[in-house]
Amino acid sequence: MAAQGRHGGRKSNKMTALVVDDNMVNQTIHHRLLDNLGIENEAVSNGKEAVDIHCSGKTFDLILMDMDMPVMNGIEATRKLREMGIRSMIAGVSTRSMEREVQEFMEAGLDDYQVKPLTVSKLISIIHKING
Amino acid sequence: MDRNPLRRQLQIMRKSFFDQGYLDEQFVQLEELQDEANPNFVEEVVTLYYRDSARLILSIEQALERKPFDFNKLDAHMHQFKGSSSSIGAKKVKAESTQFREYCKSRNREGCTRCFQQLKKEYATLRKKLEAYFQLARQAGPMETACRPK
């Protein structure tokens with residue numbers, strides 16, 4: 001693994017990820033999926049917490065961003081992170097599948113979008129984009 | 001097929017969940033995340049699902065008692081509930097959730113009420129089946145690998 005990936009991230013051989021999802025079932029599953037692939041990861045429960053953790057100085061190679069969350073949703077959080085200069089790979093992960101909704105999310109600054117539920121193969125395809 | 005009678009029973013039980021449409025491929029995805037370091041992952045996630053979704057069920061019940069119906073709120077709750085149900089592979093529950101959301105979109109009060117009763121039945125039935133399955137799994141001991149449904 002490159003020390004500094006194309007999408008940013010700290011200097012480390014191990015990839016890092018942030019799970020942003022208000023649903024505890026999804027947090028648990030995504031955490032385990034990432035663990036299984038040897039990716040160090042943390043989880044937060046809404047977009048504001050995702051922004052705050054970046055304000056504290058942390059960065060991640062990959063952010064898995066849910067769309068519908070309280071306090072700050074995924075679209076707002078993605079927009080805010082990009083405004084802050086965060087260049088990490090941000091993959092939207094949501095149950096929404098309507099073209100209009102996905103487009104709005106993509107335009108906020110996503111690098112990729114996957115429909116939930118997230119699977120190993122979907123996660124691997126996201127990671128290939130980081131390494132590609 | 002496993003020679004151990006308990007494991008054989010477990011395999012038959014598990015296959016019936018897929019054959020009868022209670023579970024879908026997402027449940028297999030959860031099983032594949034289970035390993036020696038996380039031997040009870042599937043049961044933990046299912047337990048979390050039932051604990052977490054109880055709150056949503058209650059919110060929907062309360063919203064259905066209010067008049068007039070707030071269809072937007074009902075839909076928002078059900079969107080959340082459907083997401084969780086989908087994540088554990090609860091196929092019938094997810095189908096009822098989808099139907100409920102259709103009734104919300106068409107502002108069909110009776111449809112919502114009727115559908116929610118059916119959803120709760122499927123939710124409770126799945127819970128009983130999975131509880132029995134995990135109890136049997138504990139008796140049978142650790143399985144080497146999950147069997148993929150045909």
Side-chain angles (χ1 to χ4, degrees), chain A residues 17 19-41 43-47 64-76 91-98 100-102 104-105 113-127, chain B residues 23-57 59 72-73 75-91 93-95 97-98 100-102 105 123 126-127 130 146 148:
Chain A
V19 175
V20 189
D21 200 314
D22 63 322
N23 183 295
M24 291 311 298
V25 173
N26 290 328
Q27 268 197 26
T28 304
I29 294 171
H30 295 173
H31 167 75
R32 183 79 194 95
L33 274 169
L34 290 161
D35 257 3
N36 221 24
L37 293 176
I39 299 171
E40 278 180 16
N41 63 94
V44 292
S45 298
N46 60 60
L64 295 178
M65 184 76 77
D66 184 24
M67 189 193 285
D68 297 297
M69 293 178 287
V71 187
M72 187 187 286
N73 66 33
I75 294 174
E76 290 174 62
V93 185
S94 173
T95 52
R96 305 267 190 159
S97 57
M98 283 178 66
R100 176 180 51 83
E101 295 168 322
V102 174
E104 191 187 356
F105 204 179
Y113 180 85
Q114 296 287 347
V115 178
K116 276 182 192 171
L118 199 63
T119 60
V120 173
S121 59
K122 286 179 185 179
L123 185 54
I124 288 172
S125 84
I126 293 170
I127 291 163
Chain B
L23 295 175
D24 63 26
E25 170 66 25
Q26 182 58 22
F27 190 81
V28 179
Q29 293 287 324
L30 296 188
E31 289 177 319
E32 289 179 355
L33 292 174
Q34 193 158 283
D35 58 19
E36 283 171 7
N38 301 272
N40 304 310
F41 179 72
V42 180
E43 186 175 358
E44 286 166 9
V45 171
V46 169
T47 303
L48 178 61
Y49 164 73
Y50 275 100
R51 194 170 66 225
D52 213 43
S53 58
R55 173 182 54 83
L56 286 167
I57 292 278
S59 296
N72 290 337
K73 195 169 255 182
D75 185 62
H77 287 318
M78 190 53 75
H79 172 76
Q80 284 264 324
F81 179 80
K82 184 186 165 185
S84 289
S85 304
S86 175
S87 293
I88 70 155
K91 192 174 177 181
V93 175
K94 181 180 149 188
S97 305
T98 301
F100 186 93
R101 295 193 71 198
E102 291 300 316
K105 281 190 189 107
Y123 176 78
L126 180 63
R127 183 180 204 156
L130 287 175
R148 286 201 149 253

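So you know, we letter chains A, B, ... as the sequences are listed, proteins then strands, and number each from 1. Note that the structure is a prediction, hence the values are computed from the model and not measured.
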Can you give me the closest heavy-atom contact between B:Ile57 and B:Phe81, atom names plus distance? CD1-CE1, 3.7 Å
Test side chain to side chain contact (heavy atoms under 4.5 Å, CB included) applied to B:Ile88 and B:Val93, step by step: CA-CA 10 Å; B:Ile88 70 155; B:Val93 175; over 6 Å; no
Extract the chain A to chain B donor-acceptor pairs under 3.5 Å, no hydrogen or angle test applied.
| from | atom 1 | to | atom 2 | distance (Å) |
| --- | --- | --- | --- | --- |
| A:Asp22 | OD2 | B:Gln80 | NE2 | 3.0 |
| A:Asn23 | ND2 | B:Ser84 | OG | 2.5 |
| A:Asn26 | OD1 | B:Ser87 | OG | 2.4 |
| A:Arg32 | NE | B:Leu33 | O | 2.9 |
| A:Arg32 | NH2 | B:Leu33 | O | 2.9 |
| A:Arg32 | NH2 | B:Asp35 | OD1 | 3.4 |
| A:Arg32 | NH2 | B:Asp35 | OD2 | 2.8 |
| A:Asp68 | OD2 | B:His79 | NE2 | 2.9 |
| A:Thr95 | OG1 | B:His79 | NE2 | 3.4 |

Whatever's closer than 4.5 Å to a heavy atom in chain B on A:Leu118 counts as backbone
Residue pair A:Met72 / A:Met69: nearest heavy atoms and the distance that separates them: O-CB, 3.8 Å
Taken to the nearest 0.5 Å, the spacing of A:Leu34 CG from A:Glu40 CD works out to 11.0 Å
Report the C-alpha separation of B:Leu23 and B:Val28 in whole Å, then their side-chain angles, then the decisive distance to 0.1 Å, and conclude whether the side chain to side chain contact (heavy atoms under 4.5 Å, CB included) test is met. CA-CA 9 Å; B:Leu23 295 175; B:Val28 179; over 6 Å; no
Taking the side chain as everything from C-beta on, heavy atoms only, tell me whether A:Val115 gets closer than 4.5 Å to A:Val102. no
